[in-house]
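Every number for a ligand or one of its atoms is a count from 1 in the order of the listing. We number each residue from 1, following the sequence as shown.
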Amino acid sequence: MAEAPPAAAIDTHTHLNHPRLHRGLPQVLDRAREAGVAEMIVVGYDLPSSELAVELAARHPGLWAAVGIHPHDASHVDDKTLGRLRELAGREGVVAIGETGLDFYRDLSPRQAQMEAFESHLALAAEMSLPVIVHCRAAQEPLLDFLAARRIGPVGDLPALVWHCFDGSEEEARRALDLGMALGFGGMVTYGKAEELRRVAAQVPSGRFLLETDCPYLAPEPKRGRDNEPANVAVIGERIAQVRGESGGQVVETAAQNARRVFGLTDRA
Ligand SMILES: [Zn+2]
């Protein structure tokens with residue numbers, strides 16, 4: 001028999017601000033709550049989606065916001081954009097800067113522009129004392145080198161950086177953990193070929209992992225190919241629980257505690 005859904009799941013990376021989910025938001029939130037997902041972070045990827053994230057966090061209990069410009073749009077980040085992000089970052093319910101980072105897979109913005117935008121996001125996060133949600137695709141080594149060169153590390157015992165939808169190697173995970181990062185695990189951990197990622201999930205210290213969906217993207221098996229949503233976060237927790245030899249409830253609970261600590265959720269509730 002399936003165990004009862006735990007009460008305290010937190011989806012630390014959602015795009016409820018994306019038109020594909022925003023359209024049916026009341027139903028999406030209902031299904032999330034039925035599945036035991038009490039809180040969700042709505043992550044911005046450009047200025048309009050960051051504005052909407054802040055608005056959603058103000059309007060719905062249990063929703064939090066992150067504001068930032070995705071590396072795809074890095075070439076559009078200028079002083080005006082950063083000024084607006086700074087204003088948004090000071091609003092009620094904003095718990096992180098992001099998503100920012102490096103995407104050398106699609107290369108939609110020049111790599112130099114991506115690094116400059118990432119640097120600006122890191123500076124803003126330091127100024128606002130907020131953690132950073134990092135997107136990284138096909139750029140694991142450059143990302144780790146970039147952070148190591150800046151001696152970015154844990155702030156006190158809080159991981160200041162969250163590597164969202166981590167899909168790097170065991171070695172890259174070790175380097176990220178050494179830098180004080182927390183690793184977010186999403187639907188990819190359920191995919192057939194993700195053996196190495198499951199080994200990472202099995203070994204990551206219990207204080208350093210988060211659960212996330214990245215909805216509407218990356219739906220977990222067996223829902224792959226459909227729109228993802230926060231209600232699926234328990235499926236990801238279950239798969240991680242199998243490889244860690246823990247119960248799904250335990251993994252969800254530990255991840256929720258980590259999310260509260262990393263994003264300071266209790267302080268703002
Ligand atoms: Zn995302």
Assess His15: does it contribute an N, O or S atom lying under 2.8 Å from the Zn ion (ligand 1)?
yes

Could you identify the N, O or S atom of Glu99 positioned closest to the Zn ion (ligand 1)?
OE2

side-chain contact (heavy atoms from CB on, under 4.5 Å) with Gln257: which residues, sequence neighbours excluded?
Glu253

For the Zn ion (ligand 1), what is the closest N, O or S atom on His13?
NE2

Any N, O or S atom of His135 closer than 2.8 Å to the Zn ion (ligand 1):
no

Under a 3.5 Å cutoff, is there a donor and acceptor pairing between the side chains of His22 and Asn17?
no

With sequence neighbours excluded, what pairs up with Thr12 under the side-chain contact (heavy atoms from CB on, under 4.5 Å) test?
Ile10, Ile41, Leu210, Glu212, Ala259, Phe263

Is Ile236 linked to Tyr217 within one hydrophobic cluster, defined over Ile, Leu, Val, Met, Phe, Trp and Tyr using a side-chain heavy-atom separation of less than 4.5 Å?
yes

If we ignore angles and hydrogens, is there a donor and acceptor under 3.5 Å between the side chains of Asn228 and Lys223?
no

Any idea which N/O/S atom from Asp214 gets closest to the Zn ion (ligand 1)?
OD1

